[in-house]
2 protein chains.
Amino acid sequence: MRRRREAAVARVTIREVAARVGVSTATVSRALSGAKRVSPAVVEQVRQAAEELGYSANGIASALRRSRTDTVGMVVPSITNPFFTSLVEGVEHALQDSGRQLFLCSSRSDPALEAQRLRSLVARQVDGIVISPVHGTESTGAVSWAAGELPLVQVDRYVTGVESDWVGVDDDAALRLLLEHLAERGVRTAAFVSSELTSSSTELRVAGFQEHSARLGIGLAPGGMLLGEYSIEWGREAMQRLLAGPSLPDAVTCADDLIALGVLQTCAAGGVRVPDDLLVTGFDDIPFAALSDPPLTTVRQPQVEIAAEAVRLLADAERAGERPLSRLALQPSLVVRASTGG
Amino acid sequence: MRRRREAAVARVTIREVAARVGVSTATVSRALSGAKRVSPAVVEQVRQAAEELGYSANGIASALRRSRTDTVGMVVPSITNPFFTSLVEGVEHALQDSGRQLFLCSSRSDPALEAQRLRSLVARQVDGIVISPVHGTESTGAVSWAAGELPLVQVDRYVTGVESDWVGVDDDAALRLLLEHLAERGVRTAAFVSSELTSSSTELRVAGFQEHSARLGIGLAPGGMLLGEYSIEWGREAMQRLLAGPSLPDAVTCADDLIALGVLQTCAAGGVRVPDDLLVTGFDDIPFAALSDPPLTTVRQPQVEIAAEAVRLLADAERAGERPLSRLALQPSLVVRASTGG
DNA sequence: ATGAAAGCGCTAACAA
DNA sequence: TTGTTAGCGCTTTCAT
């Protein structure tokens, strides 16, 4: 319980370093940045003086002058969903090589909060934005405004009508993989538990489910299209509704792993044996998908590639003037585990 | 595939708004911030002009002038560990009311990266830092330097010898709860699977295990003190080592839920029945602790309170000159599930 | 190789 | 209530 830091000791500036060495601030600036056209001797003196004085650069002043912050903003609907955390980690990693930092924001699935985050990032002059928009239509205004202010890349989900690149997974291919797998396992009827149709990927997953289940002769169970949100709780509730119905389908296909984990929990609690009585599938392959009871069959998104590609596109966008927009749908892979008898 | 955003259209500044309305930049600044001592008519005109011109403030310039960024930095060892994500979400939420934003960084359990993040946050002039330091000793230098530059609060873990506040859980009380529960269940021998003794909370958990197990007459199984890292993988590996030993203890106590989930996975794979053959406990109560096979008995950390308290301490620190340091160890609660026969 | 000087866009004294 | 003025700390011409 001793004293705290002296309140607001004025921070050391470049001027004091310059004064100490007896050179101009310009020289100090040059010496401390890429040491160009400065004599090695001076560089060394400056380094030492900076060290002695405890100088550390004021990034704000530098940013104002250079109109660059070496910072990228990222906005995701949730930071507690492991899928997005993996994506964030991938982006942060990809950024690291270029010495840039990530400014992470959560929109908490709220378009109003998302708009606020975007305004804030633009105000803070980040050099670019990576966003997974909350909502297919309600996010449009804010996202397209931001895209007009600075380079912006959409990942995973997207809003249409915005001039920006996009990288994500091929949702149609993912549902093809899942349903072909279920068909092979002899599934004739299935339910689909998803979020409300408020985002691009949700729509594509539902559409993919409908198309491929029809093609493979898998019928939609009565009351089997359940739309809620991407959460464990919704998975639990949706499964309760299915249990309350007249009969169970052969399989429950879920639009993400969180939903599927909730479904599995309710199955366990309700005495429904998976995979004996019911097959269950997820989507994303989050780390916990392998640990559930039973382990979850799912499709893996290539998160690392998605993240790397997003950063690459952002770099392009910074340079670019005119250039065609990219839309990259990367391929998912099927991961078979015990929840489908694998 | 249409045209992109026009490259670098110079952004609208306050001067252009001022010119449009026919007032000074100072008036525009005043009108746009807290509308103090500006005539309502002018405020309205300025608002409108700003709107028409698509003006959005340059936060960097503002920050330079005001020496405030309204931004708080947070550094955590991992953003894929749900415990830390919950903490982050709590801090972000607590900050929201005061209109500040969170700048989140992951140190990836690497002291060097952590030091870099801290330098970066200080350079970016965040108003304060919330950090859960990676390492009990290797983090000291960087953390105490940062604490000297600006207000800093440690959460969850801490390094000693740094003049900063700390909020976290009462690790000793947590181990008392866990071990008393195990003793009631008839446990006579236990193993402890933890991370290396590199952080304060790890040390306290190991110490708590030793003290309370001794007090309750629970013996440490031979080779039963297993130190690795906070991850599912390490949990798997540690359990494999226990399985390779001559005999199993009655219980495996884990220093966090990720480790415990890994332990459970190996038990399932190796035919060890939990809780019949072995009791397993975790620590943190992450959302996935309820979904494992079997559901995990653990202690819940009061994350929301920890986060709220951290933000409150930061606010204090900003105001404060001299003031005693706070060390708040909040109380955990036992959550009994099937992994101990609950 | 170095220095002088001019701002980046904004805000806060201080005047009026 | 409003304007004038002086910077915040840094980088970058343009000279020398």
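Below, all heavy atoms of this structure are taken into account, side chains as well, without hydrogens, waters or symmetry copies. Chain letters run A, B, ... following the sequence lines, proteins first and then strands; every chain starts at 1. Just so you know, these numbers come straight off a predicted model, no measurement behind them.
Taking every side-chain heavy atom of R37(B) into account, dT2(D) is the closest of dT11(C), dG9(C), dT2(D). When each of dC8(D), dT11(D), dT2(D) is scored by its nearest atom to the side-chain atoms of T25(A), the top-ranked nucleotide is dT11(D). In this structure, of dA1(C), dG7(C), dT2(D), it is dG7(C) that holds the atom nearest to the side chain of R65(A). The side chain of A26(A) approaches dG3(C) more closely than any other nucleotide in the set dT2(D), dG3(C), dC10(C).
In this structure, Q45(A) places its CD atom 13 Å from C1' of dA1(C), rounding to the nearest Å. Nucleotide dC8(D) holds its C1' atom 15 Å from the CD1 atom of I14(B), rounded to whole Å. Atom CG of L32(A) and atom P of dT12(D) are 13 Å apart (whole Å). Atom CD1 of I60(B) and atom P of dG9(C) are 12 Å apart (whole Å). We find that CZ of R15(A) is positioned 15 Å from P of dT11(D), with the value rounded to whole Å. We find that CG of N58(A) is positioned 6 Å from C1' of dG9(D), with the value rounded to whole Å. The CZ-P distance, from R66(B) to dG9(D), rounds to 15 Å in whole Å. The interatomic distance linking L53(B) (CG) with dG9(C) (C1') rounds to 16 Å, in whole Å.
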Tell me, with the steps shown, if R15(A) and T13(A) meet side-chain hydrogen bond (donor to acceptor under 3.5 Å, both in side chains). CA-CA 5 Å; R15(A) 291 182 57 149; T13(A) 75; 5.4 Å; no
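Taking for each of L64(A) and G22(B) the nucleotide of DNA chain D with the nearest heavy atom, the 5'-most of the two is the partner of G22(B). The nearest heavy atom of DNA chain D to S67(B) and to V42(B) marks one nucleotide each, and the one closer to the 5' end goes with V42(B).
Residue T27(B) places at least one side-chain N or O closer than 4.0 Å to OP1 or OP2 of dG3(D). Taking only side-chain nitrogens and oxygens, S29(B) comes nearer than 4.0 Å to OP1 or OP2 of dT11(C). Not one side-chain nitrogen or oxygen of S24(A) sits closer than 4.0 Å to the OP1 or OP2 atom of dT2(C).
At least one donor-acceptor pair under 3.5 Å links the side chain of R11(B) to the backbone N or O of S56(B). With D127(B) contributing its side chain and D70(B) its backbone, the two residues share a donor-acceptor pair below 3.5 Å.
Here the side chains of V43(B) and P40(B) are not in contact, with every heavy-atom distance at 4.5 Å or above.
Under the 30°/60° scheme for interplanar angles, the aromatic rings of W166(A) and Y158(A) are found to stand perpendicular.
At a threshold of 4.0 angstrom between heavy atoms, the contacts of A63(B) with the nucleic acid are absent.
Counting atom types as modelled, R30(A) pairs a side-chain N or O with a base atom of dG3(C) as donor and acceptor under 3.5 Å.
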